Peer 1: 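Below you'll find the structure I mean.
Only a predicted model underlies this, so the values are computations on that prediction, with no experimental measurement involved. Order of the sequence lines sets the chain letters (A, B, ...), proteins ahead of strands, with each chain counted from 1.
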Amino acid sequence: MNSALQTLQERGFIQQCTDLEGLSKAMDSGPVTFYEGCDPTGPSLHIGHMVPYFAMRHLHEAGHNAIVLMGGGTARIGDPSGKSSMRQIISYEEIDANAKRFLGQIDRFLKLDDRTMYSENNKNWLADLNYIDFLRDIGRHFSVNHMLSFEAYKMRMETGLTFIEFNYQLLQSYDFLQLYKRHGCRLQIGGNDQWGNIVAGIELIRRVEGAECFGLTFPLVMTSDGKKMGKTEKGALFLDPAMTSPYDFFQYWRNVADADLERFLLLFTFLPTALCKELAAKKDAELNESKARLAWEVTSLIHGAEEADRALAAAKAAFGGPGGSGADMSQVPSRELPRSELAAGIGVLELFVLAGLSSSKSEARRLVQQGGATINDRKVDDEKASIDATWLDSEGALFLRAGKKRVFRVVAK
RNA sequence: GGGGAGAUUCCCGAGUGGUCAAAGGGGGCAGACUGUAAAUCUGUUGGCUUACGCCUUCGAAGGUCCGAAUCCUUCUCUCCCCA
């Protein structure tokens, strides 16, 4: 098999391919232009979007040409695949703003060069589409009978599917056709939920252009306990540091289940396959080193090495053991508190709420009552305790710990 | 158009006049055990409060009653069946 595909294969990227052998031959005989599309319907990409982009980078490094397609046009409609209800309609301005942010994040990760790796936006050909022409030229190639047999629509047949959503597949197929015509794009990659749409595009190109194209899909990554990867209590793991701090981002990876480690190393880092396997094969406490490595690598890819170092330092400081003597606490999430307020003493409960470790005083009270609250490694079990300057550590800070994993630093100023 | 069922606290789901901040499960949080893992066990899970207690919550708005998630009226939405 073609080496680029081989790489994807052994790293666990490949879920389905329309013609693996044919694609392999095509890739062997020269650079293949491929694309992945994504609708900018939210303010930031999240980790769930990233598997195709990791694959994209692997393929690009193997010498193939990548097109990052922004669904600026399709986002106006909404893809019904895998959804149980109609997508909320958002304004054009919002879509464009989202697309700009998405591209910024992708550029940081992929480093677009406008030559072998560039972006397109389907609003360029969808926005002013002529309805009649579209029906004549494109619509006639689609069989409703066939479309209705797709799982994606079946599910929605139960709950209701609007006509515009039903059209989504035509638009996505049309995208592929446009990219084929404009850029000679012959391969579409994406999450496995895109399978039906991808195949439809390939069909369309065959009928209209008589050309053979390919589709390749990746698994929708789940954690070993069956949840969608990247979902946290607070929501998705976003790439935007303002929405998910690099520290939280790092901690997510640092805390993955043992069973997920190898898969995640292979999918979300560019470490050599052999090394990934070696890291994941470690036993007991040593596995933690491997998880830290995973966390550092992914954080570095998304937020840069500097942020990754900081997050690592913060994690070490927070979990390095009692006292954390000499550890660099400065990277732990923190905020300042005027010394004057501290002088008078502040209630533990207020303090934990202020630090964002508890969402209400009741919750903070529970935390204290259950013995999960610690300030500078001193357990606080009196909910009425008043915290004043005498609690400060040598650096003039209060290191709050809620349970084992959540930490926050309040610095007296 | 006709008939039926339903909307409950983060989710699922009990409750059908006071003992209901509301069973049970899930999820979350905390504790034990550990490796910042998994599994397991325990506790906890609307807000304010030291507490007594108070406030907000059972689709929405009114009403009955000493008292309503529970009864009545209107409205909104969802599902099912018949046409």
Peer 1: Any N/O pairs under 3.5 Å between the protein and nucleotides 53-56 of chain B? List them or say none.
Peer 2:
none

Peer 1: Can you classify the ring geometry of A:F109 versus A:F270 as parallel (below 30°), tilted (30 to 60°) or perpendicular (above 60°)?
Peer 2: tilted
Peer 1: What pairs with A:R101 under side-chain contact (heavy atoms from CB on, under 4.5 Å), at least two apart in sequence or on another chain?
Peer 2: A:P43, A:A97, A:N98
Peer 1: Using atom P of each nucleotide, how far apart are B:rG25 and B:rG31 to the nearest Å?
Peer 2: 22 Å
Peer 1: Test of understanding: with side-chain contact (heavy atoms from CB on, under 4.5 Å), list the residues that count as partners of A:C38, not counting sequence neighbours.
Peer 2: A:E36, A:L45, A:H49, A:Y53, A:F102
Peer 1: For atom CG of A:N130, is the number of surrounding heavy atoms from other residues, nucleotides or ligands below 6.0 Å larger than 12?
Peer 2: yes
Peer 1: Please measure how far the C1' atom in B:rG62 lies from the corresponding atom in B:rC11, and state the result in whole Å.
Peer 2: 31 Å
Peer 1: Using a 3.5 Å cut-off and no angle test, enumerate the donor-acceptor pairs between side-chain atoms of residues 134-141 of chain A and protein atoms at least two apart in sequence or in another chain.
Peer 2:
residue, atom, partner, partner atom, Å
A:R140, NE, A:R136, O, 2.7
A:H141, NE2, A:D137, O, 3.3

Peer 1: If I pick the C1' atom on B:rU9 and the same atom on B:rU34, what distance separates them, to the nearest angstrom?
Peer 2: 34 Å
Peer 1: Got a sec, which residues hit side-chain contact (heavy atoms from CB on, under 4.5 Å) with A:S340, two or more places apart in sequence or on another chain?
Peer 2: A:P338
Peer 1: With rounding to whole Å, what would you report as the distance between B:rU50 and B:rU40 at their C1' atoms?
Peer 2: 36 Å
Peer 1: Suppose the criterion is ring-ring contact (aromatic ring centres under 6.0 Å, His included): which pairs have a residue in residues 376-413 of chain A, not counting sequence neighbours?
Peer 2: none
Peer 1: Please collect all salt bridge (Lys or Arg N to Asp or Glu O under 4.0 Å) contacts where either partner lies in residues 292-302 of chain A, sequence neighbours excluded, each pair once.
Peer 2: A:R293-A:E297
Peer 1: Using the C1' atom on both, measure B:rG47 against B:rA23 and round to a whole Å.
Peer 2: 22 Å
Peer 1: Which residues in residues 341-358 of chain A have at least one heavy atom lying under 4.0 Å from any atom of RNA chain B?
Peer 2: none
Peer 1: Taking RNA chain B as the partner, which of residues 298-311 of chain A come within under 4.0 angstrom of it by heavy atom?
Peer 2: none
Peer 1: Let's test this: given Watson-Crick or G-U wobble pairing with both distances under 3.5 Å, identify the partner of B:rA7.
Peer 2: B:rU76
Peer 1: What pairs of residues pass the salt bridge (Lys or Arg N to Asp or Glu O under 4.0 Å) test when at least one of them lies in residues 250-264 of chain A, not counting sequence neighbours?
Peer 2: A:D258-A:K291, A:D260-A:R263
Peer 1: How does protein reach along nucleotides 31-38 of chain B, written 5' to 3' as B (base within reach of a heavy atom under 4.0 Å), S (only sugar-phosphate), or - (no contact)?
Peer 2: SSBBBBB-
Peer 1: Restricting to pairs with a member in residues 343-370 of chain A, which pass salt bridge (Lys or Arg N to Asp or Glu O under 4.0 Å), not counting sequence neighbours?
Peer 2: A:E350-A:K361, A:R365-A:E383
